[in-house]
Each structure stands twice: as C-alpha cells, then as structure tokens.
Protein chains: 2
Amino acid sequence: MYCHRVPKQVDHAERRELIADAVLAVVARGGLEEASVRHVAAEAGVSVGMVQHYFRTKDELMRCALERVGARVQARMGEGVETPREMLRALFRQLLPLDEERAREGRVVLAFLAYATVRPEVGAELRADSSALRAHFAAGVVGSPLSPEVAAAGLFALLDGLGVQVLSGQLSVEAALETFDAFVELVLPLDI
Amino acid sequence: MYCHRVPKQVDHAERRELIADAVLAVVARGGLEEASVRHVAAEAGVSVGMVQHYFRTKDELMRCALERVGARVQARMGEGVETPREMLRALFRQLLPLDEERAREGRVVLAFLAYATVRPEVGAELRADSSALRAHFAAGVVGSPLSPEVAAAGLFALLDGLGVQVLSGQLSVEAALETFDAFVELVLPLDI
DNA sequence: ACGGATCCCATACGGTCGTATTGCGAAGGA
DNA sequence: TCCTTCGCAATACGACCGTATGGGATCCGT
C-alpha cells in the first residue's frame, strides 16, 4: 500500500532549499548566465545528478530559486509597521544594499528583474510580491501631500532606482541614503 | 606604403554600427543571454564570419553595443534645456518606456545594468553617461527645497525605478506618469 | 598585369550547456 | 529474506557556444 509520506530518511524540502540557495549564491556572484546546473551543483557541494533528482528541469529549479528570493524579502519586512515614517526607514534599510548580504540579494533581484522584462511569465512572482508590499505600505500613509497610492508607488520606485544605481556603482551608499531621507521628508512631512 | 585610410569600398564604422544595433535588437527581444554571435549575425542579416571580421572578439562586440546605448540615450537629451521643469518633463518622456521603441531600449539598459552589477568593468560606460546627465541637470535646478544634487539624484533614481517597474510589469505607464509628475511637483514647486 | 591586401564566407574545433539514461547501494514493507 | 522503491552518482548525447582556420572573390597600388 501507499505510505510514501513518511520522511524516508532525507528531507525533500530541505534539500531543495539547499540547492535553491546555491542558485542564489551563484547568481549573486556571476549573474544569471552563470547559473548552470553544473555550477549550482558545485556551489551546493552536490552532484549534478542530485540536482536533477530534486528538480526535474532547470526551469523548475530557477522558479524555486525565484520564489525563495521573494520569501526572503518578505521575511525581512517585519509586521512591526507602526508609523509610516519609521516603517519606511525600516523598509529602506532592508531594501537598499547597505551591506554585502543585501547587495548580493539585490543583485539577484536585479538579475531576475532584467530577465522578467524579456520572459514575462517570470515577472509574475516579483509582481505579486512587490504589489503586496506597496499596498501594505499605502494603507499606512497619513499626512502626506500626495495620495497614499502615489506616495507609496513613488517611494518604492525611488528605492528600486537608488538600489539599482548603488549596485551598478553609479551612486554611493551615503548619497543614496541622503537622497532617500530627503525625499521621505518631502513626501511625509513630520508635522506631528 | 601605408594608405589604408581611404574608404576602400565599405565603410568600416557603418558596418560596425549595423552589427552593434543588431546586438541591441537581440538583447531587447531576448535578453543578454540570447546575444550570441550567431543570433546577432542572423538579426543583422550577415554571416558569422562578417561579424568576426568587424569584431575580433565577442567582448569587443558587446562593448561597442553598450557604447551605442549610451550614445543613443545621450542623443535623445537635446541641448534645449531651458527651465528645469520643462527639461525634466522632456527627460522623463525620453527615459521612461512610454512607447515600444523606448521599452526596447529600456530593456537593453536594464540588461546591461544587471550585468554591470556582476562585471564591474561593464558599468564604467553606464556610470559615465549617467553621472554626466545628472550633473548637467543638477546645474539647472532652481527653487527646490532640496539641494540641486540631491534633487537630481533622487529624480533620476525615481526615473530608473519607475522605468524598471514599468518594464517588469509591476506598474502601468499611466501610474508611472502620475507618480513622476506628483514628485516633480514636490521637488520643483512651480512658484514662478 | 600582377601581387598583395581586404572582404567575406563556410567550416571545423573544443568546450559548456540541459537533459536522458543507466546503475548501484541502502532502506523498508511484504 | 526478497524485492520494490528511493537516493544519488556517472556518463552519454545532441545542441549551441566563441573562436580559429582556410579559401574564394574583389579591389588597388605599382
């Protein structure tokens, strides 16, 4: 009879996460074009055959990796979003590539973003994540001269743009921080 | 003796531009990973051998293509930059993917941007172009509650971010326009 | 007219890619 | 204990990659 839901002896999901995380590491270091099955396997310290065992196709592998990016970003955005100003700062600190870990993550996101402009089905995941984030924030905006939706859209776009410019070396981290703070001041004036 | 500066019978530079433009077309349609020498040759309607004749290596080809992107964007920014408000609108119309041609261009830029985060030497070209643009604009900012540099950096980042979001399908063109206009209003209030 | 340079093409080569195939040790229900 | 299933590795295959090579045209200075 069928009884194949006992964990056998390895945790399927755990292995998949291990491999998917290896994808993200490879993409962060060398871009999407270096994310070959062989490289990913080497990064994860496993054999190519094992990657194939857990992901029947490379597409499935990349899809899983993309989902993990979204999950990571989502996990970063804690529920503690009190005042919009403080929430925005927190968001900012989490979304801007202020340290190496987030720079790696940002490179991954940017790689997938560029890929999404050309493979629209890839963009669905990113779209869902970001629109949820935006709506969540817009609901908390008060006291802005702009409508909440516009303020949210603009500030998120500003975050994206600053992130891209920092990652591509066009802007220093300090300049990005200063710029964002100044714009937050404009959009959400602190008139207690 | 040496006399090889007479145009022989084909215009070297013209051929190079033809092929480089084919690169941009391929990248716009399928991303950087589809920009193989063979695909580019097919797009340009020439043989692989001819591509090799005008570009000794693929790296040289891609570098030339990247330079052409910068040249195109630069060419779009006319010298007619009177008031910062109107100049900004003009810039915006040129930088946002409001029609298919600029969407294609935007996809190319985004592809190279993502590549630049992982191959820093590629970013030099983009960096030079964008910083020139930013400085040029900052010099014309007047009447902003922000410093010219910060205003310029923020608005350019906003443009980039809106462009990315439009290209990846996260934002509609209309919403991007509305958002940008609202932010311009904030940054450059029209107090004649 | 002729010799070399230029233009261009066709083809070949070595390498990497994604994936299919095969096999084998171990686990576990019958 | 047997035998199926699972976990995983090794290898093979065909496609595509960037580039090297060699050979025909065609032009041009001499």
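Throughout, a chain's letter reflects where its sequence line sits, starting with A, and its residues are numbered from 1.
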J.: Rounded to the nearest angstrom, tell me the gap between atom CZ in Phe55(A) and atom C1' in dA20(C).
T.: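 Those two atoms, CZ and C1', are 19 Å apart.
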J.: In whole Å, I'd like the distance from the CD atom of Glu33(A) to the P atom of dT16(C).
T.: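 In whole Å, dT16(C) P lies 16 Å from Glu33(A) CD.
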J.: Is there a continuous path of hydrophobic side-chain contacts, each under 4.5 Å between heavy atoms, that joins Leu167(A) to Val69(B)?
T.: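 Different hydrophobic clusters.
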J.: On DNA chain D, check which nucleotide each of Arg38(A) and Met50(A) is closest to and give me the residue with the more 5' one.
T.: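 Result of the comparison: Met50(A).
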J.: Once you measure the plane-to-plane angle for His53(A) and His12(A), does it fall in the parallel (<30°), tilted (30-60°) or perpendicular (>60°) bin?
T.: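 The arrangement is tilted - the two ring planes meet at 30° to 60°.
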J.: Answer yes if the side chains of Gln165(A) and Arg127(B) hold a donor-acceptor pair under 3.5 Å, and no otherwise.
T.: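 Not at all, the side chains of Gln165(A) and Arg127(B) share no donor-acceptor pair under 3.5 Å.
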J.: Could you give the CG-to-C1' distance, from Leu61(B) to dC17(D), as a whole number of Å?
T.: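 So the two atoms are 14 Å apart, to the nearest Å.
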J.: Nearest-Å distance, NE2 (His53(A)) to P (dC24(C))?
T.: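 For the pair His53(A) NE2 and dC24(C) P, the rounded distance is 18 Å.
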J.: Which nucleotide in the set dC17(C), dT19(D), dC17(D) lies at the smallest distance from any side-chain heavy atom of Ser36(B)?
T.: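 So the side chain of Ser36(B) is nearest to dC17(D).
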J.: Do Val118(B) and Leu66(A) sit in one hydrophobic cluster, given that two such residues count as connected whenever their side-chain heavy atoms are within less than 4.5 Å of each other, even indirectly?
T.: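 No.
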J.: From dC8(D), dG18(D), dT19(D), pick the nucleotide closest to the side chain of Ser47(A)?
T.: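 It is dC8(D).
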J.: Counting just side-chain N and O atoms, does Thr57(A) come under 4.0 Å of either OP1 or OP2 of dG18(C)?
T.: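 Result: no.
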J.: Atom CD of Glu14(A) to atom P of dC8(D): distance rounded to whole Å?
T.: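 Distance check: Glu14(A) CD to dC8(D) P gives 11 Å.
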J.: When you measure from the side chain of Arg15(B), which nucleotide among dT19(C), dT19(D), dC8(C) comes out closest?
T.: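 Of the options given, the side chain of Arg15(B) lies nearest dC8(C).
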J.: His39(B) has an atom NE2; how far is it from atom C1' of dA15(D), in whole Å?
T.: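 From His39(B) NE2 to dA15(D) C1': 11 Å.
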J.: Rounding to a whole Å, what distance do you find between Gln52(A):CD and dG18(C):P?
T.: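 In whole Å, dG18(C) P lies 10 Å from Gln52(A) CD.
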J.: Can you tell me how far P of dT6(C) sits from OH of Tyr54(B), to the nearest Å?
T.: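 For the pair Tyr54(B) OH and dT6(C) P, the rounded distance is 12 Å.
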